[in-house]
Amino acid sequence: MTTAVQETSAAGRHFLLIGLGAMGYGMGRSLLRAGLCVDGFDLNADTQARFRAEAGLDRPLTEAAGEADGAILVVVNAAQTREALFGTNGLAERLKPGAVVISCATIDPQQAIAFEQQLAGKGILFLDAPISGGSARAAQGKLSIMASGSPEAFAKAEPALDAMAETLFRLGDRAGPGSAMKSVNQLLAGIHIAATAEAFAFGIAQGLDAHQIMQVIPACAGSSWMFQNRGPYIADGDYRPHSAIDIFVKDLGIVTDAASGAKLDLPVSQAALERYRAASAAGMGREGDVALVKLYAAQSGIDLPPKRYEDK
């Protein structure tokens with residue numbers, strides 16, 4: 001008797017998911033909801049076991065990789081991407097020819113190009129596919145994906161992309177443009193979060209209540225998506241790592257390094273990066289990115305809102 005998992009895999013819809021953090025776990029649930037066969041892997045054994053119980057699969061990577069039609073990498077950076085592909089038990093030696101690697105980390109465009117070229121030598125397709133939207137949208141299958149790669153890579157990745165994305169941007173037929181576009185997004189996101197923290201600190205210093213700020217500014221021209229998304233965390237004293245300070249140390253570092261290579265000065269991005277670096281140096285690297293506001297509190301003595309949320 002053929003099982004549902006076998007039918008899904010036979011239909012070319014079997015994917016490995018490497019990285020089950022806040023984004024990856026939600027993406028995995030979206031893949032399962034779409035009926036895909038998903039082998040999930042994470043360095044956190046408890047998280048991995050929980051996902052495997054949901055997926056109904058508990059196979060070692062060495063076995064699962066040989067059967068998979070593709071691998072989705074939801075890791076932190078280029079170093080982790082490289083390790084997953086070319087390190088011990090690397091996927092480059094275990095995926096079958098014609099399989100596709102969907103790379104979702106924010107990395108330098110030149111690194112994406114290099115990964116594509118290295119995998120091509122082994123007959124493996126590569127899709128440069130960084131993501132945006134946050135953990136809630138990941139769990140809903142409503143991410144925005146900025147992707148570039150060959151038509152063959154897009155075709156092989158299509159079942160997974162359909163499950164994970166509300167909006168898919170096709171940005172070219174080779175790796176590089178996807179990561180370049182993500183860097184543009186991260187430039188803006190990093191600046192807007194830094195501006196949000198600064199605006200709250202300024203408003204509080206002027207005697208305004210943080211929740212009052214959240215009631216007014218989203219209806220005004222000075223608002224942004226990041227203000228509306230991150231502002232409630234500041235108002236509720238929530239510094240959990242929904243997205244951590246160190247993420248923007250990395251991502252704005254990618255932006256400013258790429259700009260330097262193009263002989264382009266980015267003073268606003270550089271100023272924002274220095275705020276993230278200062279927060280990280282102060283021990284806040286693993287806190288939520290809105291913890292930038294604590295720098296202003298330490299400097300001026302303003303009282304930030306107390307914790308007003310329930311731990312889950």
Side-chain angles (χ1 to χ4, degrees), residues 12 15-19 23-24 27 30-31 68-82 84-86 91-92 95 97-134 137-138 141-190 225 250-264 266 269:
F15 288 87
L16 308 181
L17 179 60
I18 312 298
M23 294 291 287
M27 292 162 70
S30 294
L31 294 165
D69 297 294
I72 304 163
L73 307 186
V74 196
V75 296
V76 173
N77 53 29
Q80 289 187 4
T81 303
R82 186 180 300 106
L85 293 175
F86 306 109
L91 296 174
L95 291 171
V100 63
V101 170
I102 304 172
S103 176
C104 298
T106 301
I107 62 177
D108 183 273
Q110 294 305 312
Q111 292 170 321
I113 292 169
F115 291 148
E116 180 183 53
Q117 292 173 344
Q118 287 175 274
L119 290 173
K122 299 186 177 293
I124 298 171
L125 303 167
F126 181 85
L127 196 67
D128 180 18
I131 55 181
S132 181
R137 294 181 70 83
K142 293 184 177 182
L143 291 173
S144 293
I145 300 182
M146 296 155 266
S148 61
S150 69
E152 295 80 8
F154 272 106
K156 201 61 173 284
E158 185 175 7
L161 297 174
D162 286 346
M164 298 185 297
E166 181 176 55
T167 306
L168 172 67
F169 297 98
R170 294 174 178 260
L171 300 173
D173 59 4
R174 60 178 178 82
S179 286
M181 189 64 73
K182 180 61 185 294
S183 292
V184 173
N185 182 77
Q186 293 308 90
L187 179 157
L188 290 166
W225 188 95
K250 172 184 72 77
D251 289 0
L252 286 179
I254 291 172
V255 168
T256 55
D257 286 349
S260 179
K263 296 182 172 54
L264 179 66
L266 300 180
S269 299

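Computed from a predicted structure; not experimentally measured. Count residues from 1 along the sequence.
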Can you check side chain to side chain contact (heavy atoms under 4.5 Å, CB included) on Arg170 and Phe154, steps first, answer last?
CA-CA 9 Å; Arg170 294 174 178 260; Phe154 272 106; 3.3 Å; yes

Partners of Ser132 by side-chain hydrogen bond (donor to acceptor under 3.5 Å, both in side chains), sequence neighbours excluded?
none

Rounded to the nearest 0.5 Å, the CG atom of Asp69 sits from the CG atom of Leu125 at a distance of 11.0 Å

Hey, could you give me the CG/CG distance between Leu252 and Leu187, rounded to the nearest 0.5 Å?
6.5 Å

State, to 0.1 Å, how close Leu17 and Gly24 come at their nearest heavy-atom pair, and which atoms those are.
CD2-O, 3.4 Å

To the nearest 0.5 Å, how far apart are CD1 in Ile18 and CG in Leu16?
5.0 Å

Residue pair Phe86 / Gln118, side-chain heavy-atom distance below 4.5 Å
yes

Approximate separation, where rounding is to 0.5 Å, of Leu73 CG and Leu127 CG
11.0 Å

d(Asp162 CG, Ser30 OG) to nearest 0.5 Å is 12.0 Å

Starting at CZ of Phe15, measure out to CE of Met27 and round the result to the nearest 0.5 Å.
11.5 Å

Results of side-chain hydrogen bond (donor to acceptor under 3.5 Å, both in side chains) for Lys142 - residues two or more places apart only:
none

On a heavy-atom basis, which atom in Ala105 and which in Val75 lie closest, and how many Å separate them?
CB-O, 3.4 Å

Side chain to side chain contact (heavy atoms under 4.5 Å, CB included), that's the test. Do Phe115 and Val101 meet it? Break it down for me.
CA-CA 10 Å; Phe115 291 148; Val101 170; over 6 Å; no

Contacts of Gln117 meeting side-chain hydrogen bond (donor to acceptor under 3.5 Å, both in side chains) (sequence neighbours excluded), chain-then-number -> none

Would you please name every residue forming a salt bridge (Lys or Arg N to Asp or Glu O under 4.0 Å) with Arg137, sequence neighbours left out?
Glu166

Indicate the atoms forming the closest heavy-atom contact of Ile113 with Gly176, along with that distance.
CG1-CA, 4.1 Å

What residues, two or more places apart in sequence or in another chain, satisfy side chain to side chain contact (heavy atoms under 4.5 Å, CB included) together with Thr106?
Lys182, Gln186, Lys250, Asp251, Ile254

Using every non-hydrogen atom in the two residues, find where Ser103 and Ile107 come nearest and quote the distance to one decimal.
OG-CD1, 4.4 Å

With sequence neighbours left out, the residues meeting side chain to side chain contact (heavy atoms under 4.5 Å, CB included) with Ser148 are Asp128, Leu171, Pro177

Treating Thr256 as the side-chain partner and Gly253 as the backbone partner, does any N or O pair qualify as donor plus acceptor under 3.5 Å?
yes

Checking the side chain of Lys156 only, and the main-chain atoms of Gly70 only, is there a donor and an acceptor separated by less than 3.5 Å?
no

Stepwise, does the side chain to side chain contact (heavy atoms under 4.5 Å, CB included) test hold for Leu143 with Met23?
CA-CA 10 Å; Leu143 291 173; Met23 294 291 287; 3.7 Å; yes

Report the C-alpha distance between Leu31 and Ile72 in whole Å, list the side-chain angles of each, state the deciding distance to 0.1 Å, and finish with yes or no for side chain to side chain contact (heavy atoms under 4.5 Å, CB included).
CA-CA 11 Å; Leu31 294 165; Ile72 304 163; 3.6 Å; yes

